[in-house]
Each structure stands twice: as C-alpha cells, then as structure tokens.
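Please read these numbers as outputs of a predicted model, since none were measured by experiment.
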There are 2 protein chains.
Amino acid sequence: MPDEAPLDSPSPGFALSSLEVGVIDFFVSAVKVLGMPKSIGEIYGLLFVSHEALPLDALCQRLNMSKGSASQGLKLLRAFGAVRATYQPGDRRDHFTAEVELKRLVAGFMREQIQPRLTHGEERLTRLLSLGSELSDQASGQFQRQRLRKLERWSQRSREVLPLLSGMLE
Amino acid sequence: MPDEAPLDSPSPGFALSSLEVGVIDFFVSAVKVLGMPKSIGEIYGLLFVSHEALPLDALCQRLNMSKGSASQGLKLLRAFGAVRATYQPGDRRDHFTAEVELKRLVAGFMREQIQPRLTHGEERLTRLLSLGSELSDQASGQFQRQRLRKLERWSQRSREVLPLLSGMLE
DNA sequence: TAAATTGTTCATTTTTTCTTGAACAGGGTG
DNA sequence: CACCCTGTTCAAGAAAAAATGAACAATTTA
C-alpha cells in the first residue's frame with residue numbers, strides 16, 4: 001500500500017498522486033477567483049484529471065470530503081454544465097465526468113452566475129431612475145441625474161460586451 | 001434637522017438621501033460580484049453620487065464606517081484607479097472623487113486583480129507540466145498528459161481574450 | 001517643542017460563508 | 001414488507017473574510 005503520492009494514480013479510491021494534487025490545487029485557485037467555494041474546485045479538478053467517471057462516494061473518499069459537500073458541489077457543477085452524469089452499466093450509482101470544453105464552461109458560468117446578477121442590477125437601476133426623475137433642478141439634482149445616466153450607459157455596455165466574450169472562444 | 005432621507009442631499013456629513021442609498025446599494029452588489037468587500041462598494045458608491053470631493057472622515061460619518069475600513073478601502077480603490085485624491089485649498093485633508101470612466105475602471109481591475117492571479121496560475125501550470133513529463137506511457141499517463149495540454153491551451157486563450165475585453169470598451 | 005490633526009496599521013472581534021453529519025426521501029431488492 | 005443503497009437537505013459547527021478601534025507614525029500648527 002503506497003503511502004506517499006505516486007505520480008500515476010493506479011488506485012482510484014486512494015491517496016492522490018502529486019500530479020492530481022497539483023491539478024486540483026490549480027482549479028481550487030481558479031474557482032476562488034470566480035468566487036466559488038474550494039470544494040467546487042476540488043471536485044472539478046479531480047474529475048478533470050480522472051480518466052474514469054467517478055461516483056459520488058469515490059469523490060468523498062479521495063478528496064476527504066463529506067457526502068453533503070460533494071452532493072451540493074456536483075449539483076452546482078451540473079447546473080453550470082461543468083460536470084455530467086454518465087450511465088455505468090451494472091451500477092446503480094451516478095458516475096460523473098468533467099466537461100472540458102472551455103466555451104461551454106464559460107457559457108454555463110455566464111448563464112448561471114453573471115446573467116442573473118446583471119438582470120438584478122438592471123431592475124435595481126430602473127427603480128433608481130424613477131427616483132431620479134423626482135430630483136430637484138438644483139445643481140446637485142442635475143449632477144445626480146447625470147450620474148444615473150452614466151449608470152444606464154454602463155449597464156447597456158455590459159449587455160453588449162459580455163455576450164461577445166463567450167462568442168470569442170471559437 | 002431632517003431625520004428621514006430626503007431626495008436631494010443638501011447636508012454632506014449627515015443622513016443619506018434615498019437616492020444615495022440606492023446608488024450605494026447598487027455598487028455594493030456590483031462589488032460583491034467582483035469578490036470585494038462591501039465597504040469598497042459603499043465608498044465608491046457614495047463618491048459616485050457626490051458632486052463634491054469628500055475627505056476620509058466625511059465618508060466615515062455618512063457611511064457609518066470605521067476610519068480603518070475607510071482608509072483601507074480608499075487605498076485599494078486608489079490602487080485600481082477607481083478613486084483619486086484631489087487637492088482642496090485651505091484644507092490639510094485629502095479629498096476623494098470617483099473615477100467614472102468605465103474603461104479605466106476595467107483596466108485597473110484587470111491590472112490589479114486579474115493579471116496577478118493569471119500569472120500565478122501560469123507559474124503553477126509550468127510546474128505541473130514538468131511533473132507531467134515524468135508520467136508513464138500507460139493509458140492513464142497519456143490521458144493526464146492530454147489534460148495538461150488542454151490546460152495550456154486554456155491558459156493561452158485567456159491571455160489572448162481578456163485583453164481584448166478592455167479594448168472593446170471604446 | 002508640545003499639542004493637535006490626519007491617516008495608517010494591525011490584533012481582536014464580528015460577520016459571513018463553507019463544511020459537516022445526521023436525518024430523511026426515494027428507489028431497488030430479497 | 002423490511003432492508004439496503006444512493007443521494008439530498010438542512011441545522012449546527014468550523015473556517016475564512018471583513019470591520020473595528022486603539023496604538024502609532026507623520027505632519028502641521030501654536
């Protein structure tokens with residue numbers, strides 16, 4: 001029984017190889033940049049380096065993570081389209097694999113995380129604009145109206161530009 | 001002395017108008033999306049709606065925020081180029097105003113937050129690649145090498161695409 | 001030079017977010 | 001039906017992040 005991490009990983013269910021640790025670490029940082037919990041990065045990272053599809057309990061064992069975290073993490077990753085469940089004959093458990101097409105990952109992230117917040121921001125802005133129309137014509141009112149217009153322009157810009165980003169990935 | 005928020009804000013140093021609260025709220029959400037603390041959004045938001053440049057203690061009073069938070073928040077915002085200190089004749093204190101050009105804000109965010117992490121990721125990846133070259137030629141080694149190549153391509157893509165984003169804002 | 005003013009730093013406290021683990025629901029299977 | 005297997009949910013605990021406030025520079029004023 002190997003106790004130090006080997007370079008290959010011939011034993012799914014056991015200690016992570018140093019390469020696996022490295023890749024997982026990579027995704028943990030990446031995912032933090034995007035404001036998501038570490039567990040998400042761990043799960044995706046392990047699936048990304050794993051040739052075989054892994055069931056939930058394999059993830060728990062190899063990552064040393066509670067069933068609850070793994071379940072919730074997988075749920076989120078599936079919502080993004082970053083992980084898919086595959087059927088494994090003769091096994092009742094779901095097996096998971098990583099989606100590795102960058103374009104899809106970005107699209108999923110946009111759809112699930114960015115768009116909703118953008119929409120929420122726009123609703124908020126609409127409410128602000130109606131407040132703005134009640135402002136006085138004093139210098140301060142003028143100025144604040146101007147700032148609200150600027151916010152409108154920003155909002156419009158992001159509606160235009162962000163979709164292009166997804167498009168640029170092929 | 002008005003106790004409920006008036007629509008205009010004739011009294012810097014005192015209660016926020018409901019418009020001001022709305023704008024600040026807007027920026028607090030925005031800033032959370034970017035993974036920054038609420039205080040950053042509060043400070044920027046208030047400066048954004050304020051016609052006059054505000055000194056540190058005005059921010060503390062109006063936002064009900066400690067001097068420490070305000071000081072640290074301003075420091076970060078200045079690093080981004082999101083806030084600038086302006087000279088006010090006959091006043092020893094720094095006075096701050098919001099930079100409102102979207103292009104500059106995005107550029108500052110890229111420079112201070114995105115680029116450093118991207119660079120860090122690339123260093124990490126380089127280390128991974130050298131680990132990868134020691135992998136066996138078994139199926140699992142082959143597969144993992146392939147995944148490392150994919151990571152390389154992702155990394156390259158982001159180096160190409162992200163700068164374009166700043167460029168697209170005029 | 002002493003006192004006052006302005007702003008920064010950083011250990012501590014507070015708040016927020018994430019993880020855990022136990023209870024539970026929904027199937028299968030004998 | 002009773003039992004087991006898989007996965008989900010959610011209250012409670014643990015960990016991480018942010019805010020506070022007091023001590024400390026650095027500068028200015030008297």
Whole angstrom is fine here: how far is it from [atom1] in [X] over to [atom2] in [N]?
| X | N | atom1 | atom2 | answer |
| --- | --- | --- | --- | --- |
| Leu34(A) | dT17(C) | CG | P | 17 Å |
| Leu77(A) | dT8(D) | CG | C1' | 16 Å |
| Leu76(A) | dT9(D) | CG | C1' | 16 Å |
| Leu74(A) | dT8(D) | CG | C1' | 12 Å |

For [X], enumerate each residue passing the side chain to side chain contact (heavy atoms under 4.5 Å, CB included) test, keeping only those at least two apart in sequence or located in another chain.
| X | value |
| --- | --- |
| His120(B) | Glu123(B), Arg124(B) |
| Asp91(A) | Gln88(A), Arg93(A), His95(A) |
| Val33(A) | Arg117(B) |

Fill in: Pairs touching residues 142-152 of chain B that satisfy salt bridge (charged side-chain N to carboxylate O under 4.0 Å, His left out), sequence neighbours left out
Asp137(B)-Arg145(B)
Practice prompt. Using ring pair (Phe, Tyr, Trp, His ring centres under 6.0 Å) as the criterion, list what pairs up with Phe27(B), not counting sequence neighbours.
Written response: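 Once residues adjacent in sequence are excluded, the partners of Phe27(B) under the ring pair (Phe, Tyr, Trp, His ring centres under 6.0 Å) criterion are Tyr44(B), Phe48(B).
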Discussion item. OP1 or OP2 of dC18(C) versus the side-chain N and O atoms of Ser39(A): is any pair under 4.0 Å?
Written reply: no
Item to complete: May I ask you to evaluate whether Lys75(B) reaches the phosphate of dT9(C), defined as a side-chain N or O under 4.0 Å from OP1 or OP2?
Response: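 Yes, Lys75(B) has a side-chain N/O under 4.0 Å of OP1/OP2 on dT9(C).
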Discussion item. Enumerate the ring-ring contact (aromatic ring centres under 6.0 Å, His included) contacts for residues 50-76 of chain A, please, sequence neighbours excluded, ordered by first and then second residue.
Written reply: His51(A)-Phe143(B)
Kindly list each side-chain donor-acceptor pair under 3.5 angstrom involving residues 99-114 of chain B, sequence neighbours excluded, with atom names and distances?
unit_1: Glu99(B); atom_1: OE1; unit_2: Arg84(B); atom_2: NH2; d: 2.5
unit_1: Glu99(B); atom_1: OE2; unit_2: Glu101(B); atom_2: N; d: 2.9
unit_1: Glu101(B); atom_1: OE1; unit_2: Arg104(B); atom_2: NE; d: 3.2
unit_1: Arg111(B); atom_1: NH1; unit_2: Ala79(B); atom_2: O; d: 3.4

Worksheet item: For the side chain of Ser136(A) and the backbone of Gln138(A), is there at least one donor-acceptor N/O pair under 3.5 Å apart?
Response: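 Yes, the answer is positive, given that a donor and an acceptor are paired below the 3.5 Å cut-off.
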Fill in: Closest contact, heavy atoms only, Leu125(A) versus Ser155(A)
CD2-CB, 3.8 Å
N/O contacts under 3.5 Å, protein versus nucleotides 10-15 of chain C?
unit_1: dC10(C); atom_1: N4; unit_2: Gln72(B); atom_2: OE1; d: 3.3

Worksheet item: Which residue pairs satisfy the side chain to side chain donor-acceptor pair (under 3.5 Å) criterion with at least one member in residues 65-80 of chain B, sequence neighbours excluded?
Response: none
Below 3.5 Å is the cut-off: list the nitrogen or oxygen pairs between protein and nucleotides 5-7 of chain C, distance only.
unit_1: dT5(C); atom_1: O4'; unit_2: Arg92(B); atom_2: NH2; d: 3.3
unit_1: dT5(C); atom_1: O2; unit_2: Arg92(B); atom_2: NH1; d: 3.4
unit_1: dG7(C); atom_1: OP1; unit_2: Asp94(B); atom_2: N; d: 2.7
unit_1: dG7(C); atom_1: N7; unit_2: Lys67(B); atom_2: NZ; d: 2.8
unit_1: dG7(C); atom_1: O6; unit_2: Lys67(B); atom_2: NZ; d: 3.0

Worksheet item: In terms of the nearest nucleotide of DNA chain D, which residue is placed more toward the 5' end: Ala70(A) or Ile40(B)?
Response: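 Counting from the 5' end, the first nearest nucleotide belongs to Ala70(A).
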Discussion item. Can you list everything that forms a side-chain hydrogen bond (donor to acceptor under 3.5 Å, both in side chains) with Thr119(A)? Sequence neighbours excluded, please.
Written reply: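 Testing Thr119(A) for side-chain hydrogen bond (donor to acceptor under 3.5 Å, both in side chains), a comparison that skips the adjacent residues, returns none.
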Are any protein N/O atoms closer than 3.5 Å to N/O atoms in nucleotides 14-17 of chain D? If there are, list each pair with its distance.
none

